[in-house]
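We use all heavy atoms of the structure for the numbers below, so side chains are in, but hydrogens, waters and symmetry mates are not. Chain letters run A, B, ... following the sequence lines, proteins first and then strands; every chain starts at 1.
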Amino acid sequence: MHMTGAAEQHKEEKRDITFRVFRFNPQVDIKPYFDDYTIPVERGITVLRALNYIKEHVDPTVSFRAFCQAGICGSCGMRVNGISKLACTTQVWEELDRCKEPGILKVEPLRNMPPIKDLIVDMDPLVDKMKHYMNWIDSSMPESEMGKKEFLVSEDEFLKYDKATDCILCASCVSECTILRAHKEYVSPAVLLKSYRMNVDSRDTIHDTRLAELVKDHGVWDCTHCYRCQETCVKSIPIMDAIHGIRENALEVRGTKDTSGAKHAEAFMDDIAKKGKLVEATLPFRTNGVLWTVKNLLPMAVKMIMKRRTPPPPPMVKPSKGIKAFREEFREMTEHVKDDQQSHNK
Amino acid sequence: MKPFDIVIVGGGGAGLYAAMEAMKTNPSLNIAVLSKVYPNRSHTSAAQGGANAALANKAKDDTVEMHIFDTIKGSDYLADQDAVDILCSEAPKIIRELDNIGTPWSRLDDNTIAQRPFGGAGRPRCCYCADKTGHTILQTLYEQCLKKGVFFFNEYFSLSLSVNNSRMRGLLAMNMKTGKIEAFPAKTVIFATGGYAKMYWNRSSNAAGNTGDGQAIAYRAGIPLKDMEFVQFHPTGLRKSGLLVTEGARGEGGYLVNKDGERFMARYAPEKMELGPRDLVSRSIETEILQDRGFDSPAGKYIHLDLTHLGAELIKSRLPQIREMSMNFEGVDPIEEPIPVRPTAHYSMGGIDTDNYGRTVMDGVYAAGECACVSVHGANRLGGNSLLDILVFGRIAGHTAAEEAGKFEPGVISPEEIKAKDEELRSFMQSSGHYERYGALREELGQTLALNVGIYREASKISRGMDELSLLKERFKKIRVFDSSDIFNTNLMQVLELQNMLDLAETVAAGALAREESRGSHTRNDFPTRDDEKWHKHTIATLDNGTVKLGQKPVTMGRYELQERTY
């Protein structure tokens, strides 16, 4: 049955598809709503071309951004069936399998950015963050000397930032970021990626200043490794590698006592080395200090005790099974990483 | 609003370089960049291949002089030789400066900037960053402008110059976020709005917004346009969408193949083969198709760009964007199969007439980049020279404006002028007698241009095209903006863009009809040869009582005498 269905679908070259489009014009609408547009769509048509068709032939008031229409400029970031992506590189037919209601494609604006109208959101907060985190090269070459000779840069160094410079700032990662949903001030994946790209560039001179900003509150340590940014990146950029890169670099340059983020990472390492698992009860103390923990987490701790949801006290956390073998492996691994870093620094 | 020293219209490579250079020239100046998109979206980002500069990193015997000669020959001797001199002499400096401020470049084994061969060039001198050169240059310039604290007015749609007794007072623009028309009184204005090839619509590789806004604003303000009939068709646009496959694909060794499996370029450019200049390769493909040696499909006739012999590794490392695009828009993986391509309107050699410093005939008004015509490209631009043009002349225009801003009085724009403009835009929203839809008109504009003023032209066809253009302009008077909201009215913006394209299309067609010769990108079936005696001249188009008035301007010669152009 299923096979026949798929084969039939394959043969079909044109069909009516409904686009359920998010509408909101703050000038007249009290709250957002959805409009359904049913149009004939051929195989091979992108979501953007479908939206263009709707705007030209059905409803000229539907508003969205589009510029290059070729996946290069990053203007048409939006959520299609709940996932942030570029409308111009998204095939309608490939979305059909992902529709919650058969034959109805849901099109919504990116999240985590202030809405302007329909599918258009405000990019200014992202630009402000690029400025805040100094997402530019502050060159080691004085302005008066520029243009006279090129820097010599190895292909190896170029490869370090090659992928990161693919970023077209479409903000899909910004829209998918779970930390940003909780904290609008969070640096955001795109800006971390750009910061990383600047920090590994040998022509730059403000690496330390940028890093100092990145380790502050709402910075690089706030990421919780959900990998949503990397999964949705329209250019398949390994964004999490960049985030980890900044963190490793921060530990290396600024040490493990630097910020709560660094201390948190160190506490993890300690626990894993000793017991092969986490001693969660003392993690907050070791990360943020006693005072902070008492001030900020006491009410939650009380609630947890009431509901009997507290983690076991430290003496009760017994080392994992096979801890001996694990410790040996762990030691080898850390030494390996150290070697790598040393040879890398050379 | 406090008057600006410099208002730059357009946030692509030319506009951003102008801003950066102007800030450098005089940091105390009050500079604004207006752009209808966020600057990092600008079409500069689509330039894949690279920028030419005789760095001699790859070919040690390359020289600026050779670059100059290639450019002049490529232009079919219509470029001004003093301007080309500036372009090519400044090239190594500008590429190094970009490197110095952080542009990522692909590298050679000796860690210098990588260079590759490109069409019409005697040596491999095209500096590149994989196939995202324009993108990385644009990002770098935007980053540097943010660093320098340039004032950006993003998503402002420029409407008109405010001019009183031929004295420019500033600019009117619509803030897309509010729909309000805002005045930008200014001592100087630099237009850097990119090209106008999108008037060919679906037969164009350009972004939807490459509608010649700056040229149209200048033209309506009485500033002359130059060589508008020269529109370059890029040989390899994707069959269905017109989107571009970079010349880098042929630079890396790609073949053009017809339905008989023949590398047909052997017939047209036996020496350079696929790396002949663009106009020649486009005509060759069009000829193959017209003589029925192309492939046929519901989406039109085409030929093959075959990369399969280059191997997966090279395609993945050097041409990743191309691979992604042909998979997304043609469903073809170039590692496995040839890409279906046909020529697509790609670049406008013509533009606002400027001198070598970016000045127009109007005091305080400058232009740079594809928006301008200096002219360095003449009748045909070489691949890798467009990025170079926007960088070199963007920089020069920024510098000139910064030096000269002090000469001009700050402008004052009256509230009445703003109100009149607002009423003009509102009139598009009236329902009575307004029923035409922009989508249909835009489509027809593209079709009539591709058919009548495309690669092969002749008097009868161009005249027909001009008649159709007049009809379209008549219909435009009845156009209706259905969206009446103030906030982000993209319906209104697209109508205004169409208006700009319609005005400019007339200058393209008029120039094409007048120029009774074949030169560079302009090929007349009824005048198949170059006629230096009569037509070794620039075409000048001015708006006179609502119609195009054509004039001429001599070409500046130099060391190189006119020669026949063969490859």
Which one of A/Arg203, A/Met141, A/Met146 has the most heavy-atom pairs closer than 4.5 Å to chain B? A/Arg203
Ion pair present between A/Asp124 and B/Lys177, side-chain N to carboxylate O less than 4.0 angstrom? yes
Between A/Lys117 and B/Asp483, is there a side-chain N and carboxylate O pair less than 4.0 Å apart? yes
Salt-bridge present (B/Lys93, A/Glu145; N to O < 4.0 Å): no
Using heavy-atom distances under 4.5 Å, tell me whether A/Asp162 contacts chain B through its side chain, its backbone, both, or neither. both
Any Lys/Arg nitrogen of A/Arg65 or B/Glu155 sitting under 4.0 Å from an Asp/Glu carboxylate oxygen of the other? yes
Counting only heavy atoms not in B/Lys148, do more than 12 fall under 6.0 Å of its NZ? yes
Pick one of side chain, backbone, both or neither for A/Lys235, based on which atoms fall under 4.5 Å of a heavy atom in chain B. side chain
Under a plain distance cut-off of 3.5 Å, with no hydrogens placed, do A/Glu150 and B/Asn100 share a side-chain donor-acceptor pair? no
Pair count under 4.5 Å, heavy atoms only, with chain B: among A/Asp156, A/Asn25, A/Leu152, highest is A/Leu152
Given A/Asp118, A/Leu169, A/Asp204, A/Ile116, the one with more heavy-atom pairs under 4.5 angstrom with chain B than any other is A/Leu169
Does any backbone or side-chain atom of A/Met134 lie under 4.5 Å from a heavy atom of chain B? Answer side chain, backbone, both or neither. neither
side-chain hydrogen bond (donor to acceptor under 3.5 Å, both in side chains) between B/Asp486 and A/Gln27, intermediate numbers included: CA-CA 8 Å; B/Asp486 293 329; A/Gln27 212 177 0; 2.7 Å; yes
Using every non-hydrogen atom in the two residues, find where A/Arg197 and B/Gly102 come nearest and quote the distance to one decimal. NH2-O, 2.8 Å
May I ask you to name which of B/Ala440, B/Ser241, B/Ser45, B/Ser205 has the most heavy-atom pairs under 4.5 Å with chain A? B/Ser45
Heavy atoms only: give me the nearest B/Pro104-A/Tyr161 pair and the separation to one decimal. CB-CE1, 3.7 Å
Distance col, row A/Asn135:CG vs B/Glu143:CD, nearest 0.5 angstrom, shows 7.0 Å
At their closest point, which heavy atom of A/Phe151 faces which heavy atom of B/Asp99, and how far apart are they? N-OD2, 2.6 Å
Based on non-hydrogen pairs under 4.5 Å, which of A/Ser140, A/Cys68, A/Gly71 is most in contact with chain B? A/Cys68
Which of the residues A/Gly147, A/Cys73, A/Cys170 is involved in the greatest number of heavy-atom pairs with chain B at under 4.5 angstrom? A/Gly147
Let's test your reading of the structure: which of A/Lys131, A/Gln69, A/Met198, A/Glu143 forms the most heavy-atom pairs below 4.5 Å with chain B? A/Glu143
Give, as side chain, backbone, both or neither, the part of A/Val62 having an atom under 4.5 angstrom from any heavy atom of chain B. backbone
Which bit of A/Leu159 comes within less than 4.5 Å of chain B, counting heavy atoms only: side chain, backbone, both or neither? neither
Write down the atom of B/Asn111, the atom of A/Ser154, and the distance for their closest heavy-atom approach. OD1-CA, 3.3 Å
B/Arg107/A/Glu157 ion pair, N-O < 4.0 Å: no
Drop me the distance from A/Ile206's CD1 to B/Lys147's NZ, to the nearest 0.5 angstrom. 7.5 Å
In terms of heavy-atom proximity below 4.5 Å to chain B, should A/Phe158 be classed as side chain, backbone, both, or neither? side chain
